[in-house]
Q: 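First, the structure itself, so that you have it in front of you.
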Amino acid sequence: ALADYVHARGLKLGIYGDLGTLTCGGYPGTTLDRVEQDAQTFAEWGVDMLKLDGCYSSAEEQAKGYPAMARALNATGHPIVYSCSWPAYQGGLPPKVNYTVLAEVCNLWRNYDDIQDSWDSVLSILDWFFANQDVLQPAAGPGHWNDPDMLIIGNFGLSYEQSRSQMALWTVMAAPLLMSTDLRTISPSAKEILQNRLMIRINQDPLGIQGRRIVKEKSHIEVFLRPLSQAASALVFFSRRTDMPFLYTTSLAKLHFPEDAVYEVQDVFSGKIISGLKTGDSFSVVINPSGVVMWYLHPMAQPWHGVRQQGPSKGFHPVLL
Ligand SMILES: *[C@@H]1O[C@H](CO)[C@@H](O)[C@H](O)[C@H]1NC(C)=O
Ligand SMILES: *[C@@H]1O[C@H](CO)[C@@H](O)[C@H](O)[C@H]1NC(C)=O
């Protein structure tokens with residue numbers, strides 16, 4: 001009945017479980033001998049996603065249980081997105097975590113601490129994910145994602161600018177966008193951030209490439225880049241400053257975009273379009289404290305200059321640092 005109620009509202013039903021005697025909250029868990037029974041029960045209920053936590057289970061039980069649940073979910077014949085807390089219990093990094101194995105077993109996985117309703121928490125998650133991007137970035141791809149935890153937009157802890165920052169940075173991380181907020185009371189401004197169509201399109205880009213931090217300035221401005229399909233890309237200019245809006249000047253050349261290309265740029269929040277931005281052109285963006293400017297860029301067909309010029313090659317991606 002609950003599944004029908006949720007599905008009738010165009011939503012998906014997720015359920016939380018734990019691979020131990022008890023869940024972290026003290027409710028009954030799924031012990032190893034009950035994995036198949038629980039998978040079958042969830043499928044019969046019409047559950048669309050399972051998040052399987054790891055409290056009260058040993059590393060050995062997790063190494064057996066997480067792959068066993070993947071097989072059991074698959075065997076139900078019902079598509080159930082599978083979220084594993086496994087790496088979070090192993091410190092999130094190799095050699096304890098093998099991301100090749102994780103990508104085969106889970107659709108998404110929690111690598112790090114639970115998010116709390118505060119900007120400090122968002123920043124600590126960002127810091128960890130981008131400090132470890134060399135390990136984490138290659139692990140993500142279609143059907144298998146790093147999960148920096150839920151969006152807290154619409155709650156108490158984030159300002160308007162910080163809410164936009166979480167949305168932009170989670171999108172660049174190719175994070176699964178799961179909302180943790182009360183849909184009955186959410187504000188129009190939070191709703192607008194969460195329903196930004198271009199943002200969601202970037203997040204759901206079919207190539208599924210996770211973005212990286214490519215610049216860390218002394219001025220506390222950081223730049224993030226996510227390559228997208230059809231030679232497009234998303235750039236996020238993020239300010240960690242706490243004083244006032246900052247005028248940041250750079251060029252696509254400085255961000256290692258290919259020479260001699262011309263781009264159409266769309267501001268993901270305002271929708272404003274800049275046409276004909278050349279790689280070598282200097283440009284400036286005004287970034288609010290703890291805020292972002294986010295761009296969607298795609299190469300434009302180049303004009304003729306007497307000789308026939310080759311357009312940017314399909315499938316080209318800017319050099320990643
Ligand atoms: C089970 O796994 C097979 C092989 O990977 C896949 O083709 C199939 O879609 C999966 N079924 C479900 C219900 O997940
Ligand atoms: C990770 O697991 C894969 C598949 O089992 C294996 O081939 C690879 O050697 C492992 N990587 C490390 C670093 O242990």
Side-chain angles (χ1 to χ4, degrees), residues 1-19 29-54 57-112 128-148 150 173-178 203-210 212 229 320:
L2 178 63
D4 290 346
Y5 176 89
V6 171
H7 290 153
R9 280 150 185 81
L11 300 168
K12 300 286 192 187
L13 178 65
I15 198 161
Y16 170 93
D18 188 290
L19 196 63
T30 299
T31 47
L32 281 184
D33 55 328
R34 300 289 178 175
V35 162
E36 281 165 26
Q37 185 185 353
D38 281 5
Q40 197 58 45
T41 306
F42 297 151
E44 282 165 18
W45 286 346
V47 163
D48 304 294
M49 173 175 169
L50 168 65
K51 173 165 181 168
L52 195 60
D53 214 335
S57 63
S58 67
E60 293 71 33
E61 285 163 341
Q62 291 175 8
K64 279 204 191 103
Y66 279 105
M69 182 57 89
R71 290 190 296 272
L73 290 173
N74 182 278
T76 68
H78 185 77
I80 299 177
V81 173
Y82 182 34
S83 166
C84 303
S85 300
W86 189 10
Y89 285 87
Q90 313 298 324
L93 296 172
K96 282 201 170 163
V97 178
N98 182 327
Y99 276 101
T100 311
V101 170
L102 262 185
E104 284 165 6
V105 171
C106 311
N107 297 122
L108 57 153
W109 49 79
R110 282 285 312 286
N111 321 58
Y112 188 63
W128 189 84
F129 275 82
F130 287 103
N132 295 300
Q133 63 182 353
D134 289 347
V135 169
L136 303 176
Q137 190 272 339
H144 48 95
W145 314 101
N146 292 297
D147 179 9
M150 292 178 225
M173 279 193 273
L177 298 179
L178 298 166
N203 175 263
Q204 304 282 305
D205 185 79
L207 290 180
I209 299 172
Q210 182 171 330
R212 298 171 68 95
S229 50
L320 298 179

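Order of listing sets the numbers, starting from 1, for every ligand and every atom in it. Count residues from 1 along the sequence.
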Q: Do N98 and ligand 2 have an N or O pair less than 3.5 Å apart?
A: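 Yes; at least one N/O pair falls below 3.5 Å.
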Q: Work out which heavy atom in L102 is nearest to a heavy atom in P87; give both atom names and the distance.
A: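 Closest pair (atom of L102, atom of P87, distance): CD1-CG, 3.5 Å.
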Q: What are the distances between nitrogen or oxygen atoms of ligand 1 and protein nitrogen or oxygen atoms, counting only those under 3.5 Å?
A:
{"residue": "ligand 1", "atom": "2 (O)", "partner": "N74", "partner atom": "OD1", "Å": "3.4"}
{"residue": "ligand 1", "atom": "2 (O)", "partner": "N74", "partner atom": "ND2", "Å": "2.2"}
{"residue": "ligand 1", "atom": "11 (N)", "partner": "N74", "partner atom": "ND2", "Å": "3.0"}
{"residue": "ligand 1", "atom": "14 (O)", "partner": "N74", "partner atom": "ND2", "Å": "3.3"}

Q: If every non-hydrogen atom of G17 is compared with every non-hydrogen atom of L50, which pair is closest and at what distance?
A: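 Minimum heavy-atom separation between G17 and L50: N-CD1, 4.1 Å.
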Q: Would R212 and D134 pass as an ion pair if we require N to O under 4.0 Å?
A: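 Between D134 and R212 there is a salt bridge, with a charged N closer than 4.0 Å to a carboxylate O.
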Q: By number and element, which atoms of ligand 2 are closer than 4.0 Å to a non-hydrogen atom of V101?
A: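 Those atoms are 2 (O), 5 (O).
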Q: Work out which heavy atom in P67 is nearest to a heavy atom in K64; give both atom names and the distance.
A: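 It is CD-O, 3.4 Å.
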Q: Parallel, tilted or perpendicular, judged at 30° and 60°: which one describes the rings of W86 and Y66?
A: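 Parallel.
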Q: Just checking, any donor-acceptor pair under 3.5 angstrom between side chains of Q133 and Q210?
A: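 No, no side-chain donor-acceptor contact under 3.5 Å.
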Q: Establish, from distance only, whether the side-chain atoms of D53 and Y89 form a donor-acceptor pair under 3.5 Å.
A: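 Side-chain D/A pair, D53 to Y89: present.
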